[in-house]
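Single-structure report; data block below.
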Amino acid sequence: MKVIETLDELRAQIQDWKTAGLKVGFVPTMGNLHAGHISLVDFAKQSADKVVVSVFVNPMQFGPSEDLDKYPRTFEQDVEKLSAAETDVLFFPSVALMYPKGMSQTRVCVPEHLTGLLEGATRPGHFDGVTTVVTKLFNMVQPDVAVFGQKDYQQLQVIKSMVEDLAMPITIITAPIGRDVDGLALSSRNQYLSAAQRQVAPKLFVVLNDLALALKSGNSNVAALEATAIQQLLAEGFDAVDYVSVVDAQHLMALTETQIQQKLAQKQPCLVILAVARLGNSRLLDNILIN
Ligand code: PAF
């Protein structure tokens, strides 16, 4: 695996591959990699001849109250894991390379109706930071396919919308959520859980599955189902629940009971249950798509 830190070197490598007719896959990350990230690399390898992974802790997507300096940086371990996964290039740009004129320059913003709710409601500007950096990374790497995890479901929909709106010639692939044996969604945040919190954490998936079953069995009273799920999570030992929301899987809109019933009659994934619950300082995200 080559570790590339300059744009010239990256562009020369990509050019070589494209001249040879090879398809380039891309996995953007902020490092501190775990098995969930490696599954994204495996997905990219299935759809491309060469795979580039970027590790860049993007300051633009952190709010003033979010501690950018404390974000875990584990470069050596990341290199080992990516090499073992047979990544072709690790792109490791500096902040100066990504934002040579500072961050008050051109931004890419997906409309509020996708970015101002759920995660965006408590993290203003977060998704503008994500879409701006992902656009820049796409322009640098020029991938044919890029892989994003279903775990960050709202981010995935925001990126898909941006790619469609701006006619970016990139296929976005969704990798399913990697889970521990007890169902807990893999996340860098899991490492901060105490032993007692780790026991509680998988209950998030259990409660969401109960909600999914209730929906599938025809209960479309979403408000009551969401309220019940929140109560269950608190009873299971979560310290707080930011939200449990059943929304349209593509537009993330809240739906009426009639709309829910109509959607459930379709065959495609049409609804998603999104949830964030807290254990101490850790915010655990999870979601389930409903067919
Ligand atoms: O999901 C992430 O790790 C980040 O939001 C991303 C997509 C790498 C952009 O910085």
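All ligand and atom numbering here is 1-based and tracks the order in the structure.
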### Task
Pick one of side chain, backbone, both or neither for how Thr29 approaches ligand 1, counting any non-hydrogen atom pair under 4.0 Å.
backbone
### Task
Please confirm whether the backbone N or O of Gln157 pairs with a side-chain atom of Ser161, one donor and one acceptor, at under 3.5 Å?
no
#### Entry: Residue, atom name and distance, where the atom is the protein heavy atom closest to atom 3 (O) of ligand 1
Met30 CG, 3.6 Å
### Message
Suppose I only count heavy atoms of Val133 and a 4.0 Å limit; which atoms of ligand 1 are within that range?
### Response
9 (C), 10 (O)
## Note on the structure
Closest to atom 9 (C) of ligand 1 by heavy-atom distance, out of Met98, Gln61, Lys136, Lys151, is Gln61
### Query
Quick one: do the Tyr71 and Asn58 side chains pair a donor with an acceptor below 3.5 Å?
no
### Task
Name the closest protein heavy atom to atom 5 (O) of ligand 1, giving the residue it belongs to and the distance to 0.1 Å.
Gln155 OE1, 2.7 Å
### Message
Hydrophobic clustering (ILVMFWY, side-chain heavy atoms < 4.5 Å, transitive) - are Ile172 and Val24 grouped together?
### Response
yes
### Task
Would you mind reporting whether Val130 and Val158 have side-chain heavy atoms less than 4.5 Å apart?
no
### Query
What atoms of ligand 1 come closer than 4.0 angstrom to any heavy atom of Pro28?
8 (C)
#### Entry: Glu119 and Tyr243: side chain donor to acceptor below 3.5 Å
yes
